[in-house]
Amino acid sequence: MPGMNTVVKLHMDHMHDHLNRLVDDSLEVRFKFSDRVKPRHVEGKHIQTYSREHKFSQLEDWAMDICYHLAACCYRGNNMDQERIFALHRFIDEEAWNWFHRHVLHTNWDKQDWTFKEVLIGLYNRFMNAATMQEAQEAFRTAVYDARTGVEMHRTLIRDDNLSPEVNTVTKFLIAALAMHKDIVNL
């Protein structure tokens with residue numbers, strides 16, 4: 001389906017842009033400290049390791065924690081990608097660490113000079129892209145129209161209103177929404 005491929009590509013591009021903005025907003029401008037100020041060492045113990053989360057919001061939260069940690073460690077500004085990438089390995093484990101080690105750190109791959117943004121996008125492409133599309137499909141499956149509360153009701157309300165969870169296509173959704181609307185109007 002060409003339309004579906006276009007939607008998937010647009011969605012992926014949007015997520016890539018979002019990750020790029022997150023890095024730019026937090027790491028683009030380098031701090032200038034005076035000679036009298038010595039930045040303290042930041043441990044980063046509060047940052048959870050990334051292994052293979054299935055929701056974009058989890059990757060985003062992790063990436064934001066990493067970016068602010070790197071900013072506190074004075075890895076802001078241009079030409080700091082290698083330092084950021086080497087610092088990143090402490091915050092990745094399991095499948096993500098295997099991918100990172102094989103594709104980013106290993107010297108036998110076609111791509112040699114990774115940027116920090118490319119690593120985050122690589123993690124997204126490897127672990128998140130299909131999952132975020134599934135999240136969107138699940139959100140669609142659990143949403144129904146209700147004139148009383150607005151456009152979206154979650155699964156608990158769907159069960160309360162006796163709408164079948166099998167309503168997972170546009171046609172079934174419209175039929176169910178029209179029937180529900182008709183019932184409400186007839187009250």
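This structure is a prediction, so every number in the text was calculated from the model and none was measured. Numbers for residues simply follow the sequence, beginning at 1. Basis for what follows: all heavy atoms, side chains included, without hydrogens, waters or symmetry-related copies.
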About how many Å separate OH of Tyr50 and CG of Leu120, when rounded to the nearest 0.5 Å?
-> 10.0 Å
Which residues satisfy the side-chain hydrogen bond (donor to acceptor under 3.5 Å, both in side chains) test with His18, sequence neighbours excluded?
-> Arg21, Glu60
Kindly work out whether a path of hydrophobic side-chain contacts (I/L/V/M/F/W/Y, heavy atoms less than 4.5 Å apart) joins Ile121 to Leu22.
-> no
Of all the heavy-atom pairs spanning Leu27 and Tyr75, show the shortest one and how long it is.
-> CD2-O, 3.9 Å
With sequence neighbours excluded, residues passing side-chain hydrogen bond (donor to acceptor under 3.5 Å, both in side chains) with Asp13 = Lys9
OG (Ser51) and CD (Gln58) are apart, to the nearest 0.5 Å, by 9.0 Å
Give the table of side-chain donor-acceptor pairs shorter than 3.5 Å for residues 92-99, with sequence neighbours excluded, one pair per line with atom names and distance.
residue: Asp93; atom: OD2; partner: Thr49; partner atom: OG1; Å: 2.9
residue: Glu95; atom: OE1; partner: Arg52; partner atom: NH1; Å: 2.9
residue: Glu95; atom: OE2; partner: Arg52; partner atom: NH1; Å: 3.3

Between atom CG of Asn125 and atom NE2 of His103, what is the distance when rounded to the nearest 0.5 Å?
-> 11.5 Å
Compile the donor-acceptor pairs under 3.5 Å between side chains in residues 61-70 and protein atoms, sequence neighbours left out, one pair per line.
residue: Trp62; atom: NE1; partner: Gln48; partner atom: O; Å: 3.2
residue: Trp62; atom: NE1; partner: Phe91; partner atom: O; Å: 3.2

Spatial distance of atom CG (Leu19) from atom CZ (Phe56) [nearest 0.5 Å] = 4.5 Å
For Ile85 and Trp114 the tightest heavy-atom approach is CD1-O, 3.2 Å
Does the separation of the ring centres of Tyr124 and His16 fall below 6.0 angstrom?
-> yes
Looking at residues at least two apart in the chain, or sitting in another chain, which of them share a side-chain hydrogen bond (donor to acceptor under 3.5 Å, both in side chains) with Asp24?
-> Lys117
May I ask you to check whether over 12 heavy atoms, not counting those of His14, lie within 6.0 Å of atom NE2?
-> no
Shared-cluster residues of Leu10, by chain and number - hydrophobic side chains joined below 4.5 Å | none
Distance, nearest 0.5 Å, that separates CE of Met80 from OG1 of Thr115 = 14.0 Å
